Protein chains: 2
Amino acid sequence: MQDSAAIGMAASVGPCASIPADHMDLIRQVLDRVGDKWSMLVIAVLEGGPMRYTDVQRQIPGIYQRMLTHTLRQLTEDGLITRTAYAEVPPRVEYALAPLGGGLNEIVKQLIGWAADHHDEIRANRSRPGAATSSASRT
Amino acid sequence: MQDSAAIGMAASVGPCASIPADHMDLIRQVLDRVGDKWSMLVIAVLEGGPMRYTDVQRQIPGIYQRMLTHTLRQLTEDGLITRTAYAEVPPRVEYALAPLGGGLNEIVKQLIGWAADHHDEIRANRSRPGAATSSASRT
DNA sequence: CGGAATCCGCGGTGATACTG
DNA sequence: CAGTATCACCGCGGATTCCG
């Protein structure tokens, strides 16, 4: 199949048409949102129900206020989570999964499940010297 | 999700035990891999079958050699994709989805499907002034 | 064609201090 | 308690050039 026909113009696409290119843009946009280091983690953590700021922070070791605030704000702006501020004397703010974020959470859960299922396999592969690189001689 | 629900203070920490904390680490590891800017995109693109270096680059507008090479190497090391180098006069290297990457691709496809399904909704939310922030007055 | 080497800026990381 | 502000540091990633 190669690209012998795709040398120059060749508008026809063989197996390369996996992604319709008009989807590329929106995929990029979404991946830039949820694909960052913390968003999915926050969504996964919020699955258990509404949670306060410090609770989220406690649930995610290694995250810092700056990023937590930033991530929470991003997700709130996107409508994936909701932010409820209680005007009490001890300020309380609770974050919860919005319906939109709930749908994403289903996928995140699958990703986590996959991760738990294959993380050892991945680690084993990473330890391999030759890796998965194979050389084929062909004239 | 029932581990620390009982031993908590029970005041507001009921559902906080969503992530067992022993999973946090591996989730982080996997997210650091596939959650970067390009990995999922490469996997999604490779779904259509084996592809050459430049073909992948053409399929992903905006990616540069540095990141493409880096991402491909990462994924190869992890065993998610395979790299086959043909020792020909015009050097040809083909990347293809490994079984492991194929499994991940199923999830990536769902994520893409979700993205295509809700990207306009997200964009609409982002344009909203008040966002999803609600204030509740409570003594 | 495939990739390494290089330069460089932006932004995430990490800590600390401060406010409402 | 829930952030905001500031800063130093450093690595990711963008962009160009060069090499096998």
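Proteins get letters first, then strands, A, B, ... in listed order; numbering begins at 1 in each. In this text, all values refer to a predicted model and were calculated from it rather than measured experimentally.
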Point to revise | Short side-chain donor-acceptor distance under 3.5 Å, B:Tyr95 and B:Thr84 | key: no
Check your understanding: What residues form a ring-ring contact (aromatic ring centres under 6.0 Å, His included) with A:His119, not counting sequence neighbours?
Key -> none
Review point. If two hydrophobic side chains count as joined below 4.5 Å and joins carry through other members, does B:Leu41 share a cluster with B:Trp114?
Key: yes
Check your understanding: Within the structure shown, what part of the strands sits under 4.0 Å from A:Gly62 by heavy-atom distance: base, sugar-phosphate, or nothing?
Key -> sugar-phosphate
Practice item. Using whole Å, report how far CE of B:Met51 lies from C1' of C:dG2. Key: 16 Å
Practice item. Could you encode protein contacts along nucleotides 4-11 of chain C as a string, one character per nucleotide from 5' to 3', using B for base contact, S for sugar-phosphate-only contact and - for no contact, with a heavy-atom cut-off of under 4.0 Å? Key: S-BB----
Review point. Would you say D:dC12 has OP1 or OP2 under 4.0 Å from some side-chain N or O of A:Lys37?
Key: no
**Study point:** Point-to-point distance, once rounded to the nearest 0.5 Å, from CG of A:Leu80 to NE2 of B:His118
**Key:** 9.5 Å
Exercise for review: Compare side-chain N and O positions of B:Tyr64 against OP1 and OP2 of D:dG13 and report whether any pair is under 4.0 Å apart.
Suggested key: no
Review point. Rounded to whole angstrom units, what separation is found between the CZ atom of A:Arg83 and the C1' atom of D:dC1?
Key: 12 Å
**Study point:** In one Ile/Leu/Val/Met/Phe/Trp/Tyr side-chain cluster, 4.5 Å: B:Tyr64, B:Met40
**Key:** no
Check your understanding: According to a strict under-4.0 Å criterion, is B:Arg52 in side-chain N/O contact with OP1 or OP2 of C:dC1?
Key -> no
Revision key, fill the gap. Residues passing the side chain to side chain contact (heavy atoms under 4.5 Å, CB included) test with A:Val56, sequence neighbours excluded, are A:Leu46, A:Met51, A:Ile60, A:Leu68
Practice item. Figure out the CG/C1' separation between A:Asp55 and D:dG3, and round it to whole Å. Key: 15 Å
**Study point:** A:Thr54 vs B:Trp38, nearer the 5' end of DNA chain D by closest nucleotide
**Key:** A:Thr54
